[in-house]
Structures are given as C-alpha cells and as structure tokens.
Amino acid sequence: MVETTSLKGMYDRLPGEFSAWRALIDVVEQTAREFGFREINTPAVERTELYRVKSGEELLEQTYSFEDRGGREVTLTPEQTPTRARIVQQRKDLSTPIKWVDTSKRWRYENVQKGRDREFFQTDIDIFGIESVAADAEVIACGATIYQKLGVEDSVEFLINDRNLLESILQAEGVENTQATMEVIDDKEKLEEAEFRTALTESGLSAEQAELVDDLTDISGPITEAIDELEAIAPDDPAAQTAVDRMASLADHLDAYDVAQMCNLDLSIVRGLAYYTGLVFEAFDTRGELRALFGGGRYDELVGLFGDQDVPAVGFAFGYSTTRELLKREGVWSEETVSTDVYVATVSESVRDVGVELATDLRAEGLTVETDLADRNLGSQFGYADGINATYAIVVGERDLENDEVTLRDMASGDEENVPVDDLVEIVGDRV
RNA sequence: UCCGGGCUGGGGUAGUGGUAUCCUUUGGCCCUGUGGCGGCCAAGACGUGGGUUCAAUUCCCGCGCCCGGACCCA
C-alpha cells in the first residue's frame with residue numbers, strides 16, 4: 001500500500017469545495033481586470049539566489065529548496081514579488097504603468113497553523129514604474145473593491161499609513177535611530193501603554209518624544225477626518241509636511257474611488273517587511289476577530305536590488321485564508337456544491353446517440369451538460385442528475401421521439417412538458 | 001524549534017486487554033420511461049513503529065498526522 005494522504009499543509013480540494021474557491025478567485029481576478037491589471041503567468045520554480053537577494057538565508061530555511069538534476073539550486077516560489085522584480089528589471093521595454101495580476105500557488109516550508117499552509121494560493125496585484133499617489137490609491141481601491149463585490153464591505157476596514165510620515169516626523173523631532181523606534185511601534189498593539197512608552201524611551205526617545213509618538217500612533221479613524229488631526233499635531237517641517245500632504249492627497253483619491261469610507265488612517269501600521277518605503281496598508285475584519293486579511297504597500301527600492309534599473313512599485317499579495325473565514329462567518333461563502341444546467345437522460349441504448357447530439361447542441365450554447373456514461377436505468381439516472389444538482393433533465397426515449405419530441409423536466413418542481421426536439425436548445429437556453 | 005489537545009471505515013460515531021456498534025456515504029438490486037422516500041445486499045476503520053502481555057485498537061514510549069497556540073511570517 002502506498003501512503004495516500006497528501007503532504008502536511010497541502011490539501012486536495014474536490015469539486016464541491018473548489019467550486020467555492022473558484023467563485024472567490026474569480027471575483028478577485030475580475031476586479032483586478034476591471035482596473036486594467038493584466039494577467040501574467042510565471043514559473044513555479046526559480047533560482048534560489050533570487051530569494052537570497054531579498055530575504056537572506058533565514059527565510060530560505062522556510063522554503064522548498066533543492067538541487068535539480070542539473071546541479072542548480074532551485075526553490076519553489078514562496079512569493080511572486082522577486083519574480084516580478086526580476087522580470088521588470090530584465091525587460092526594459094515594458095511601458096509604464098506595468099499593472100499585473102496573477103493567482104497561483106506558493107510554497108513555504110514552515111509550521112502549519114490556522115491560515116498558514118505549506119501550499120497556498122495567492123493573488124499578486126502590483127503597479128510597477130509609477131511612484132504617484134494615484135498609483136497608491138488605485139492599488140488600495142482595487143483591494144477595497146474586491147470586498148465591495150463580495151458584499152462584505154461593511155465588515156472590512158483598511159488601515160493605512162505611510163512610513164515617510166513617521167520617519168519624517170521622528171527626524172524633525174531629532175530622533176536618530178528611527179529604525180529602532182519603528183520596530184517598537186510595530187509591536188504597539190501587543191503592549192500596554194506604559195510598556196510602549198518604556199520601549200520607546202529604550203529605543204532612544206526622550207519622554208516628550210515618546211509621548212508624541214504615542215499620540216501620533218493613537219490617531220485612527222476615517223482617513224478623511226484623521227488627516228485634520230494629523231495636520232494639527234505634525235511638526236512644522238518641510239519633509240513632514242510633504243508626507244502629510246501626500247496622505248491628504250491619498251485620502252482625496254480614495255474618496256474619488258468611493259472607497260474612503262473603508263479606509264482608516266493608523267500610524268501604528270508599520271508592517272515588519274523591511275522593503276516597504278512609503279505607503280503601507282493592511283485590511284482587517286472590523287470585528288477584530290480575524291487575522292489580517294492581507295497587506296501591501298510601496299516598495300520603490302526592491303526592483304533595484306535585481307539590477308541597475310530602479311523601478312518604483314506598489315502592490316499587495318492577496319492571501320485567501322482569512323478572507324475565506326470572513327466570508328464563511330458572514331454567510332457568503334458560496335455553497336460547496338457542484339451545479340449542472342442540464343442532465344440528458346436516455347431511456348435505452350438505442351437513443352444514446354440522440355442524447356449525445358442534444359447535449360452537444362446545448363453545450364454549444366455554453367451550458368453545463370451531462371449524459372449517462374454508465375448505461376444506468378432511468379431511475380438511477382435521475383438519482384445522478386439530482387446528485388449533480390441539475391436544473392433540468394431531458395428524457396430522451398423512443399416514445400417521445402416518434403413525435404419528434406423529448407421530455408423536459410424541471411428538477412426542482414418535477415414539472416414536465418414535451419418539447420419538440422428542434423426547439424429544445426432555444427427553449428432551454430432561454431430559461432437557464 | 002517550542003507548548004497544549006487529539007487520532008476507530010470516505011465523513012460522523014459506539015466500544016473493548018481476546019480485532020469493533022450505529023448513522024451517513026459509495027456501488028448493486030427491488031425498478032430497461034421518471035430522482036430526492038423505503039427495503040435488501042455489498043464495500044469500507046482501530047495513524048505508525050517499538051515496549052509490556054498468552055493476547056494490544058485498548059496500557060506505556062517514540063514518530064507521523066490533525067486542531068489550536070508561541071516564535072516567525074517574504
């Protein structure tokens with residue numbers, strides 16, 4: 001006997017379950033397409049060095065890395081950003097903005113936990129080559145629109161920050177080791193206020209500076225309103241004002257996209273990733289029960305790590321795990337069932353060809369149609385039709401065919417009617 | 001890497017130091033022109049290795065896997 005279970009953290013998704021996944025992925029991808037993000041497709045395996053550049057050895061230990069038969073060090077893609085950076089660096093001919101979307105598998109060799117599998121789907125949505133606030137806004141708007149389309153926008157909020165805001169304010173206040181302070185801010189939600197203040201002073205801030213940081217990072221609320229609060233507190237410093245102005249502009253843009261109501265300013269959002277250079281954002285469930293839905297931001301220096309061309313970028317990676325939990329909680333995770341438009345039942349072997357021909361005609365209309373493949377009796381065929389949730393069944397038998405008719409049965413009501421064979425496609429097509 | 005809980009047919013369960021109950025599922029038949037109901041038949045399980053024992057699915061240990069968490073999270 002061979003071991004028939006799948007590997008740890010990797011899952012078989014059968015038709016019922018995957019139909020619900022497909023529906024969600026379709027919404028995400030369709031939204032991106034409507035914003036003009038173009039679908040790409042890239043290798044599942046890359047040279048290991050691609051990840052060494054950005055992530056270092058420590059994260060490489062959490063990848064599926066191995067030597068291929070040619071002696072090359074290769075890695076199953078744990079994320080797509082390095083791949084995209086490589087392509088953008090290599091292809092100097094691409095016109096900007098470069099707007100890409102892709103949904104594919106990622107692999108990470110790490111401990112399995114709720115929401116953390118070893119193989120998972122991720123949709124990457126990025127804009128390369130544009131450093132404008134308009135691009136920042138478009139990426140956030142695309143993410144927010146996904147939740148609008150899913151019908152759960154009231155359950156989702158985006159927390160938005162700009163690293164340059166904090167950075168410039170800290171510098172204006174004379175803080176030297178801003179990096180250490182940012183790390184403390186990143187941990188703010190895990191700490192009590194006193195602990196937070198203490199940690200800030202340990203990172204090199206004075207008590208007054210720590211208080212300012214505490215006040216700044218306490219600012220939260222609808223982005224269009226929080227801007228006023230921010231402007232009132234922010235120091236009179238050119239760099240800080242520039243950052244504040246950019247955030248105000250972002251708020252205006254988000255309002256134009258009609259997603260500002262889903263967006264809150266929160267200066268405590270730092271995101272651990274070292275490569276973010278400006279905008280950072282995370283999407284959360286408003287009830288605060290779930291982990292972050294996804295996060296993203298601006299990373300203007302990453303592409304430059306892969307060559308001599310500097311290309312600004314902004315985007316996010318959409319993981320499905322938390323969003324799936326949210327949709328289940330909100331009762332909008334699509335039914336985990338397969339659906340079928342028409343099942344063509346054949347009474348006997350002699351009319352099977354007629355059934356297949358009718359099925360072929362119906363499929364030409366784009367309908368999902370099945371026929372009997374097992375030579376089952378009619379009763380069993382109806383049982384099967386029921387099992388695949390057929391909307392209609394068509395009974396093909398000699399008795400009706402003598403009148404050039406077939407029986408059209410509504411599977412839900414059981415109502416039946418005879419329809420001319422020649423009119424079947426039109427009649428069914430109109431109803432489905 | 002660490003901490004806690006758990007593993008009995010595909011799914012859900014009962015139970016026991018002498019190999020297992022029921023429900024569901026799946027296939028067949030009752031029923032070669034009508035499904036969801038019903039009846040009959042069949043298929044299918046003690047995660048794995050070792051230890052204790054006359055005998056282990058049951059007790060003990062390791063491992064694996066599952067669930068949750070810490071760390072980490074590109």
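Here is the naming used below: chain letters follow the sequence lines, and residue numbers restart at 1 for every chain.
With distances taken from any side-chain atom of A:E110 to the nucleotides B:G33, B:G36, B:C72, the minimum falls on B:C72. Candidate nucleotides B:C72, B:U34, B:G36 were compared by shortest atom distance to the side chain of A:R409, and B:U34 ranks first. The A:Y11 side chain lies nearest to B:C67 when the options are B:C67, B:C72, B:G33. Distances were taken from every side-chain heavy atom of A:Q113 (C-beta onward) to each of B:C71, B:C65, B:G33; the shortest belongs to B:C71. Taking only side-chain atoms of A:E416, from C-beta outward, the nucleotide of B:C72, B:G33, B:U34 with the closest atom is B:U34. Of the candidate nucleotides B:G68, B:U32, B:U34, B:U32 has the atom lying nearest to any side-chain atom of A:V347. The side chain of A:K8 sits closest to B:C66 out of B:C73, B:G35, B:C66. Picking from B:C73, B:C67, B:G33 the nucleotide with the shortest atom distance to the side chain of A:V112 gives B:C67.
Rounding to whole angstrom units, CZ of residue A:R352 and P of B:G33 are separated by 15 Å. Summarising the geometry, the separation between CZ on A:R116 and P on B:G68 is reported as 12 Å, rounded to the nearest angstrom. Distance A:K114 NZ to B:A70 P: 12 Å, rounded to the nearest Å. Regarding A:L408, its CG atom lies at a distance of 15 Å from the C1' atom of B:G33, rounded to whole Å. Atom CG of A:D410 and atom P of B:G36 are 17 Å apart (whole Å). In this structure, the CZ atom of A:F382 is 14 Å from the C1' atom of B:U32, given to the nearest Å. A straight line from CD of A:Q122 to C1' of B:C73 spans 11 Å, rounded to a whole angstrom. Counting to the nearest Å, the C1' atom of B:U34 and the OH atom of A:Y343 are 12 Å from each other.
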Which pairs would a plain distance check flag for residues 421-432 of chain A, meaning a side-chain donor or acceptor within less than 3.5 Å of a matching protein atom at least two apart in sequence or in another chain?
| residue | atom | partner | partner atom | Å |
| --- | --- | --- | --- | --- |
| A:R431 | NH1 | A:E417 | OE2 | 2.9 |
| A:R431 | NH2 | A:E417 | OE2 | 2.9 |

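Not a single donor-acceptor pair, N or O on each side, falls under 3.5 Å between the base of B:U32 and the side chain of A:E349. Interface remark: the A:S348 side chain does not form any donor-acceptor pair with the B:G33 base, using a distance-only criterion of under 3.5 Å.
Here the closest heavy-atom approach between residue A:D285 and residue A:L290 is recorded as OD2-N, 3.1 Å. Contact between A:Q171 and A:T178 at its shortest, heavy atoms only, is CG-CG2, 4.0 Å. Minimum heavy-atom separation, A:V342 to A:L367: CG2-CD1, 4.4 Å. Taking all atoms of both residues into account, the shortest heavy-atom contact from A:V213 to A:I185 is CG1-CD1, 3.8 Å.
Separating the P atom of B:G27 from that of B:G36 is a span of 14 Å, rounded to the nearest Å. For the P atoms, the distance linking B:U58 with B:U19 amounts to 14 Å, nearest Å. For B:G6 and B:U13, the C1' atoms lie 15 Å apart once the distance is rounded to whole Å. Taking the C1' atoms as reference points, B:A55 lies 31 Å from B:G12, given to the whole Å. Separation of the P atoms belonging to B:U52 and B:U16 is 26 Å when rounded to the nearest angstrom. Remark: the separation of the C1' atoms in B:C31 and B:C23 is 26 Å, to the nearest Å. For B:A56 and B:C46, the C1' atoms lie 11 Å apart once the distance is rounded to whole Å. Spacing of P atoms, B:A20 relative to B:G47, comes out at 15 Å, to the nearest Å.
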Bracket string, RNA chain B, 5' to 3' - pairs by Watson-Crick or G-U geometry under 3.5 Å, | interstrand:
(((((((..(((.....[...)))((((((.......))))))...(((((..]....))))))))))))....
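In summary, the aromatic rings of A:F121 and A:W21 are positioned with their centroids under 6.0 Å apart. Less than 6.0 angstrom separates the ring centroid of A:F318 from the ring centroid of A:Y320. Between A:F294 and A:F158, a ring centre-to-centre spacing shorter than 6.0 Å is recorded.
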Summary of protein contacts for nucleotides 24-31 of chain B, nucleotide by nucleotide, where a base hit scores B, a sugar-phosphate-only hit scores S (4.0 Å, heavy atoms):
---SS--S
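Side-chain atoms of A:D410 never come within 3.5 Å of backbone atoms of A:G414 as a donor-acceptor pair (strictly under, hydrogens ignored). Remark: side-chain polar atoms of A:R298 are not paired, donor with acceptor, to backbone N or O of A:A135 under 3.5 angstrom.
Within the 4.0 angstrom heavy-atom criterion, no nucleotide atom of any strand lies near A:T5. If you check every strand for non-hydrogen atoms under 4.0 Å, A:G414 touches a base. Counting any heavy atom pair closer than 4.0 Å across all strands shown, A:R106 reaches no nucleic acid atom. When heavy atoms are screened at a 4.0 angstrom cut-off, A:Y51 is found touching no nucleic acid atom at all. Across all strands shown, A:G295 has no heavy atoms under 4.0 Å from either base or sugar-phosphate atoms. A:Q381 comes within contact range of no nucleotide atom at all, as no heavy-atom separation falls under 4.0 Å.
Relative to the ring axis of A:W100, A:R38 does not place its NZ or CZ within 45° and under 6.0 Å from the centre.
Along RNA chain B, the nucleotide nearest to A:K190 and the one nearest to A:L7 differ in position, and the one closer to the 5' end is contacted by A:L7. Nearest-nucleotide assignment on RNA chain B puts the 5′-proximal partner with A:M411, out of A:M411 and A:T81.
When only modelled atom types and interatomic distance are considered, A:E61 and A:Y109 share no side-chain donor-acceptor pair under 3.5 Å.
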